[in-house]
Amino acid sequence: MTFHAQHLSIDSPVGTLRLATDGQHLTAVYFSEHRHAPQDLGEEVGEVDAPPVLQEAARQLREYFAGTRTDFDLPLSAAGTDFQQRVWGALARIPYGTTCSYRQLADAVGSPGAARAAGMANGRNPISIVVPCHRVVGASGAITGYGGGVERKQVLLDLERRVAGDLLW
């Protein structure tokens, strides 16, 4: 039996999120107005009928936005080049509530001097929030480009800083 891609739309504090699956893995988390999102994410399903991986992703994202989850435990699969895969792997290692620069990201994947390329790979991350591309900022700490818009990036960073600060006490 062949599985056809499916997606589930959920509401969040940063707008509608579209979660996609290949049947076993979470393959995408896109904002409703996402710069690099494909038009077709497969058949749209409701949460009750969604594959278990989408139901679990929706649950974990709600916990994240409620401030009760600081990391995700989901099977992921994102299509990309070797360099993109290395960048996305490095993104997953940026601690909750912290940020790094594009230069630091390039250094982390063994490509010093490739900050721009690392930034482009970061911008193509299809699994937003779960793979925390929002944690990468300009060298000065400035909030720079984000596939879902810099306003959303700021909201996510503010959420994480507030929760991380609460966890220290």
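R62 places none of its side-chain heavy atoms less than 4.5 Å from the side chain of F65. Using a 4.5 Å cut-off on side-chain heavy atoms (C-beta onward), I10 and T16 make no contact. The shortest distance between side-chain heavy atoms of Y96 and V163 falls below 4.5 Å.
Counting heavy-atom neighbours within 6.0 Å of R59 CZ, excluding the residue itself, gives a total above 12. R103 CZ: 12 or fewer foreign heavy atoms inside a 6.0 Å radius.
Counting only distance, with no hydrogens or angles, the side chain of N125 and the backbone of V131 share a donor-acceptor pair below 3.5 Å. Checked by atom type and distance alone, the side chain of K153 pairs as donor or acceptor with a backbone atom of V136 at under 3.5 Å. Side chain of Q6 to main chain of G23: no donor-acceptor pair is present (N/O by atom type, distance under 3.5 Å, no hydrogens or angles). With hydrogens and angles ignored, the 3.5 Å screen pairs a side-chain donor or acceptor of Q85 with a backbone N or O of A78.
Below 30°, between 30° and 60°, or above 60°: for H134 and Y64 the angle between ring planes is above 60°, a perpendicular geometry.
Under the 4.5 Å side-chain heavy-atom criterion for Ile, Leu, Val, Met, Phe, Trp and Tyr, V109 and L76 are members of the same hydrophobic cluster. Put simply, V155 and V150 are part of two different groups of oily side chains (I, L, V, M, F, W, Y) that touch within less than 4.5 Å, one to the next. W88 and M120 are not part of a single hydrophobic cluster, where members link through side-chain heavy atoms under 4.5 Å apart. Linking Ile, Leu, Val, Met, Phe, Trp and Tyr residues whenever their side-chain heavy atoms come within less than 4.5 Å places V14 and L8 in a single cluster.
The shortest heavy-atom contact between T27 and D22 is CG2-N, 3.8 Å. The shortest heavy-atom contact between A108 and A90 is CB-CB, 4.4 Å. The nearest pair of heavy atoms linking R86 to S111 is NH2-OG, 3.3 Å. The shortest non-hydrogen separation linking Q24 to P75 is O-CG, 3.3 Å. In terms of heavy-atom proximity, T21 sits nearest to P51 at CG2-CG, 3.9 Å. Residues A115 and A106 share a closest heavy-atom pair of N-CB, 3.7 Å.
Partner of Y102 under the side chain to side chain contact (heavy atoms under 4.5 Å, CB included) criterion, out of T144, D107, V87: T144 alone.
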For this session: Check the pair F72, L61 against side chain to side chain contact (heavy atoms under 4.5 Å, CB included), reporting the backbone distance first and the verdict last.
Result: CA-CA 8 Å; F72 294 91; L61 281 160; 3.9 Å; yes
Exercise. Run the side chain to side chain contact (heavy atoms under 4.5 Å, CB included) check on F31 and L17 step by step: do they pass?
Worked result: CA-CA 5 Å; F31 300 100; L17 298 175; 3.5 Å; yes
For this session: With side chain to side chain contact (heavy atoms under 4.5 Å, CB included) as the test, would you mind laying out the steps for S128 and R152 before giving the verdict?
Result: CA-CA 11 Å; S128 300; R152 284 187 178 109; over 6 Å; no
Exercise. Checking side chain to side chain contact (heavy atoms under 4.5 Å, CB included) for the pair I127/L74: CA distance, chi angles, key distance, verdict?
Worked result: CA-CA 11 Å; I127 309 177; L74 296 163; over 6 Å; no
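Ion pairing between a basic and an acidic side chain is recognised when a charged N comes within 4.0 Å of a carboxylate O; R162 and D158 show no such pairing.
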